[in-house]
Structure formats: C-alpha cells, structure tokens
Amino acid sequence: MPELPEVEYAARQVRAAVVGRTVRNLKALHASQRRRLSARDCARVRGATIESVDRHGKHQLLRLSTGDVVVVHFRMTGDWLIDAASAPVPKFARVTLELDDGARVSLVDPRALSTVQVISGEKAFLPRLGPDAADATVSVDTFGAALARRRVPIKVALLDQRVLAGVGNIYAVEALWVAKIDPRVVASSLTHARQARLLDAIRAVLAKASRSSGQYRDADVGRFEVYDREGEPCSRCSAGIRRITQAGRSTYYCPRCQRR
DNA sequence: CGTATCCTGACC
DNA sequence: GGTCAGGATACG
C-alpha cells in the first residue's frame, strides 16, 4: 500500500528512467485501465518526449513535450517495474510505457485499481487536491482552516485529499497517535494548539517513513505504533490498541492516551 | 453527510 | 467458495 513516502521513492525511480526519453509506445493491458486510458490517449503520447516527473500527493505527473501530462495513481497495490521492452511482460502489468532506449516501465498492480490518464494540463484535477503533505510551507492557519470546515471525525478529514494531499490511512492513524488526539473528535472542534500538534505529527511520521528505504515492505507494519496493532499494548501507556471503522476504513488508536 | 463501487489476492 | 481490504469517486 504505497503512501506518500513510497510514491516519492517510486517517482524518483521512474524519473531516472524516463526523463529525456521519447515515448515509443504506451499500452493499457487491462480493461479497467482502458476506461481512463483510451487507445486514442495512448496514440497521442507516442513520439512525445518526457521532460520531467513531478509528484503531488500520491499522484505522479509525467510531463510531456507536447504539454500533455500522464497522471498516475497507484491506489492500493500499484508499483513500477522497470526492465527491457524485449523481456516478457511482467506479471500483473496493467499499463506499459516503452521508451526509445529500449527500456520498459510497467505499472504492475495485482488489484488493478491504479489509474493512468492523459490530460492536457493539470488543471483538470489539481484543484481538487490540497497542498502537498510534505510541503513545509503549509501554515497551521491554512491547515486549521481546512479542518474548521469539516464536521467529520478528524481521522476522516485527514484522509480527504483536499485538506492535505498525500496523507493516507496509515500515516493519518500514526499522526493522531503521535499528537495524542482521539480519531473520533470532530475535525472542526480542534483547538489551534491541537491543529499545530497534529500538523507537526503528520510531518514527523512522513519524515520518519522517508528516512527508511522509502520502499514499503510487509515488515514495515511492525514498526508502526498503532497501525495493525489491535489488542497490543500502547508503547506510551500500555493500554490495549483498539480498531474501529471510520468511513469504511480501519482506524487504530490508543483509548487511553489519545484524548477527545 | 454516509455508502456503494471498482478489483483481485489473501484468508478463513 | 465466500468475505474482506482499501483510495478515490460517484451517487443517494
């Protein structure tokens, strides 16, 4: 489950492989991909040069010489696999990008929920995203103002990409633990002090994750404080970690030291 | 505002 | 063989 640090790592990986290269071929191999990435879109990017790769939240943006942008989102299980176009198509490859140097970048995704689309400029979706969660210039006031408008539990608000783009389930849960805030608290009710503590906590958990390899592994789950630790003792106060469902997603928290 | 939907491997 | 997870979005 790639979160922002993993997407940052993936963006660096693909950047090294594609920048300055020309697209020989873009293919959607899976029916679910073809809904957003038509044969026409694929034909349109053929021959274009990839000028840069940016990331905003968990979106990766491949900017082309034509002004078009290939926008990629890994969702749950997407990842890049880079090899030679002459090699067999990798298992679970959903979209492939072949380059003029013979390299092939495959979007591998067992669950096929990833999305790839070609847009002519980013305006089509960027207004829907808040500032990037890793953007250190976001002020407490900006963050707080976004929360003040939401009458949903703070955990649910953190998952809303219009608040901060790139905060996923794991780090939302971890940040609330670090900030000692009960995930069920209504977002708009947070005091300024708690908003500041939470923003710091989000930055801390993302920075910590970025310092590790940046590649998600199952073993990493064991390093989280509360995520996937239902029933285990809180490392701060030893109370049993609880799991609840909020907006259809698992929330883990310490019922003793995360306060309302 | 909440909920169904996509998709398929993993797990019971 | 049925159920579930889960980010984002569409819908009620």
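Proteins come first, then strands; the chains are lettered A, B, ... in the order of their sequence lines, and each starts at number 1. What's counted below: heavy atoms across the whole structure, side chains too, no hydrogens, waters or symmetry copies.
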*Residue whose closest nucleotide on DNA chain B lies nearer the 5' end, Gln33(A) versus Arg150(A)*: Arg150(A)
*Under 4.0 angstrom, heavy atoms only, what part of the nucleic acid is Asp109(A) near: base, sugar-phosphate, or nothing?*
nothing
*Answer with base, sugar-phosphate or nothing: what part of the nucleic acid does Thr115(A) contact at a heavy-atom distance below 4.0 Å?*
nothing
*For a side-chain contact (heavy atoms from CB on, under 4.5 Å) with Phe74(A), tell me which candidate from Asp79(A), Val108(A), Thr115(A), Leu113(A) qualifies.*
Asp79(A)
Whole-Å gap separating [atom2] ([N]) and [atom1] ([X]):
X	N	atom1	atom2	value
Phe74(A)	dT8(B)	CZ	P	18 Å
Asp228(A)	dA10(B)	CG	C1'	14 Å
Arg111(A)	dG6(C)	CZ	P	8 Å
Leu159(A)	dT3(B)	CG	C1'	15 Å
Met76(A)	dT9(C)	CE	C1'	16 Å
Gln246(A)	dC1(B)	CD	C1'	15 Å
Glu6(A)	dG7(C)	CD	C1'	14 Å
His56(A)	dG7(C)	NE2	P	18 Å

Within the structure, does a side-chain N or O atom of [X] lie under 4.0 Å from either OP1 or OP2 of [N]?
X	N	answer
Gln161(A)	dG7(C)	no
Thr77(A)	dG6(C)	no
His73(A)	dG7(C)	no
Tyr171(A)	dG7(C)	no

Close N or O pairs between protein and nucleotides 4-6 of chain B (under 3.5 Å):
residue, atom, partner, partner atom, Å
dC6(B), O3', Arg35(A), NH2, 3.1

*Which salt bridge (charged side-chain N to carboxylate O under 4.0 Å, His left out) pairs, counting each pair once, include a residue from residues 237-260 of chain A, with sequence neighbours left out?*
Glu230(A)-Arg243(A)
With no hydrogens and no angle check, just 3.5 Å: does a side-chain donor-acceptor pair link [X] and [Y]?
X	Y	answer
Asp109(A)	Thr77(A)	yes
Thr22(A)	Thr49(A)	yes
Gln60(A)	Arg55(A)	no
Ser235(A)	Glu225(A)	yes
Thr251(A)	Lys155(A)	yes

What N/O pairs connect the protein and nucleotides 2-4 of chain C at under 3.5 Å? Give each pair on its own line.
none

*Would you say the side chain of Trp177(A) lies within less than 4.5 Å of the side chain of Cys254(A), judging by non-hydrogen atoms?*
yes
_Check: Asn25(A) and Arg46(A) side chains under 4.5 Å, non-hydrogen atoms_ = yes
*Give every residue pair that meets the side chain to side chain donor-acceptor pair (under 3.5 Å) criterion with at least one member in residues 186-205 of chain A, sequence neighbours excluded.*
Asp141(A)-His192(A)
*Option among Arg21(A), Lys27(A), Arg104(A), Arg24(A) that satisfies the salt bridge (charged side-chain N to carboxylate O under 4.0 Å, His left out) test with Glu98(A)*: Lys27(A)
*Which ring-ring contact (aromatic ring centres under 6.0 Å, His included) pairs, counting each pair once, include a residue from residues 239-260 of chain A, with sequence neighbours left out?*
Tyr227(A)-Tyr252(A)
*Can you pull out how bent the helix from dC1(B)-dG12(C) to dC12(B)-dG1(C) is, comparing the axes over its first five and last five pairs, to 10°?*
50°
_Nearest listed nucleotide, side chain of Lys58(A), among dC1(B), dT8(B), dG7(C)_ = dG7(C)
